[in-house]
Amino acid sequence: MSKPLLEVEDLRVTFPTPTGPFRAVRGVSFSLGRERLGIVGESGSGKSVTGRSVLSLLPPHARVEAKRLSFDGKDLLTASPGEMRALRGSRISLVMQDPKYSLNPVMRVGEQIAEAVRDKGAGARRRAMEMLEAVRIRDPERVFNLYPHEVSGGMGQRIMIAMMLAPEPDLLIADEPTSALDVTVQMQVLAILDDLVAKRGMGLIFISHDLDLVASFCDRVLVMYGGRVMEERHARDLRQATHPYTQGLLDSLPRIDDDRAELPTLKRDPAWLKD
Amino acid sequence: MIQVRNLNVTFGQGAQAVRAVRDVNFSVAEGESFGLVGESGSGKSTALRVLAGLNPHWTGEAAVAGVSVGQRDARLPRLVQMVFQDPYASLHPRHTVDRALSEPLEIQGIGDVGPRVERALTDVGLGPAFRFRYPNQLSGGQRQRVAIARALMLEPKVLLLDEPTSALDVSVQAEILNLLRRLRRAHNLTMLLVSHNLAVIAHMCDRLAVMNRGAIVEEMDVATLRRQEPREAYTRQLLLASRGYDREVAANIITYD
């Protein structure tokens, strides 16, 4: 692997609260090449905050510190708002969970995709059409003219992905991109992301609470808890995880082919969060 | 205990009519746990809401313990209760746990409120200390325990569960599933569980029906599900897609009408 696309070293994010500072991310380090990196964890583990701090999309009162936070050699910590705007969308994109809240309800979906294309003008419409085809929407001419409320959840998510991919980003951060979708639609959306990583050499950060999905889809996985990385593994070895937190999560999942009467519940150890 | 015959639910009229539930038949014996599984729009929740009396527009037969759910029969609240998907939405934010749990008792004119509330809280693993808290002082799992306690206040025979753990983290899901299994044994409850998650259904149910586009595709016992030997192609595809990402499977997904 050549030089990593994204390098994160000792990332710390703190939110001030009335009861004192809340440390949402406490010293996370990882690097990403042209690969699929999964970040899994339960709610409050800091996985989404980690994804958002790469894009400087946290509220202004959040304090973001890191020894290193660089994208393609560029330091993101010292980048000006203008420089961040130039990166955001065009080189680093973010796909969020719910298309209902992320698409503009009063704008045709095709126009929203065209707006994301880098070179505006006559080519943008054609490019939007190509993107709709790339995410396997069968009748792009028709879908181009629809409003968000006229499309299903699965199609809405594909439209979001089309929009985020229109400027051909080098890095896509997908925060629970398929959690609201049915399993069969989820599979089709993942196949699109899979192709983009394989064919275009895009880097992908896939944030999810679904361990089995991440294990089957990603190359590497970071398991987060309480703002820290508990362990990092090759995705295909996730079932052999050694950390008690990862093991506990995997054990607590019901499975189709098992007949355990009682599911083991997770015992959290305060030592996992000791400094 | 639960009888559903030729159930049909249609939303809208004329050309825009959507047949959300089509000719659905199933029955659940006393003490049995039955699952309805399917993707979004399959009609599983709509069928459940008919039994809860939350959907008045239906035709056919639907009865709990021989009492039709069509007439607002005064016996129904003590026969059947429901637990909803989102514990953040199903508890009143300005009502204490105590108020949420005593309300059904007061409506039904049952006395002995205090001790009953405390017993119910202990029953769901929370304990009396939680009695005067507000929902915003509780975690998602604790809220769902309160919602379950509320559903059990009138000691119903049937518990309807609509995706009771899909809004929860997996470790909390395990706790709630364990609790539901324990309560089912302790109170000899009949359960009807709606879920999109085949593993949750396999863990909780004795039998299940797979739904697609409003109709039941097939009915099977849990052993058949565990062996992953369904009869219908639709169910096979659902099982394959539930196993995690597979490029091959993704390429061959088809839409069943």
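First the proteins, then the strands, lettered A, B, ... as listed; each starts at 1. Keep in mind that the numbers below use all heavy atoms, side chains included, and drop hydrogens, waters and symmetry copies. The model shown is predicted, which means the values in this text are computed figures rather than measured ones.
The distance from the CG atom of D169(B) to the CG atom of L266(A) is 10.0 Å, given to the nearest 0.5 Å. To the nearest 0.5 Å, atoms CD (Q188(A)) and OG1 (T255(B)) are separated by 6.5 Å. Interatomic distance, L238(B) CG to D182(A) CG, rounded to the nearest 0.5 Å: 8.5 Å.
For R268(A) and S171(B), the side-chain atoms include at least one donor-acceptor pair closer than 3.5 Å.
Within the 4.5 angstrom heavy-atom criterion, atoms from both the backbone and the side chain of E39(B) approach chain A. For a residue to count as touching a neighbouring chain, one of its non-hydrogen atoms must lie under 4.5 Å from one of that chain's; by this rule H203(B) touches chain A with the side chain only. Heavy atoms of L253(A) lying under 4.5 Å from chain B belong exclusively to its side chain. With a 4.5 Å cut-off on non-hydrogen atoms, A215(A) does not touch chain B at all. Heavy atoms of L168(B) lying under 4.5 Å from chain A are absent altogether. With a 4.5 Å cut-off on non-hydrogen atoms, L177(B) touches chain A through its side chain but not through its backbone.
With a 4.5 Å cut-off on side-chain heavy atoms, E175(B) and S252(A) do not count as touching. Taking the side chain as every heavy atom from C-beta outward, D194(A) and Y245(B) approach each other to under 4.5 Å.
Looking at every heavy atom in both residues, P254(A) comes nearest to V200(B) through CG-CG2, 4.0 Å. Closest non-hydrogen pair, M187(A) versus V249(B), comes out as CE-CG1, 3.4 Å. Among all heavy-atom pairs drawn from A202(B) and I256(A), the shortest one is CB-O, 3.7 Å.
Between R247(B) and D195(A) there is a salt bridge, with a side-chain nitrogen of the basic residue lying less than 4.0 Å from a carboxylate oxygen of the acidic one.
A donor-acceptor contact shorter than 3.5 Å links the side chain of R226(B) to the backbone of D258(A).
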Exercise for review: Quick one: do T184(A) and Q237(B) satisfy side chain to side chain donor-acceptor pair (under 3.5 Å)? Show the steps, please.
Suggested key: CA-CA 8 Å; T184(A) 49; Q237(B) 174 169 299; 4.9 Å; no

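Most heavy-atom pairs under 4.5 Å with chain B, from the set P264(A), A191(A), G44(A): that is A191(A).
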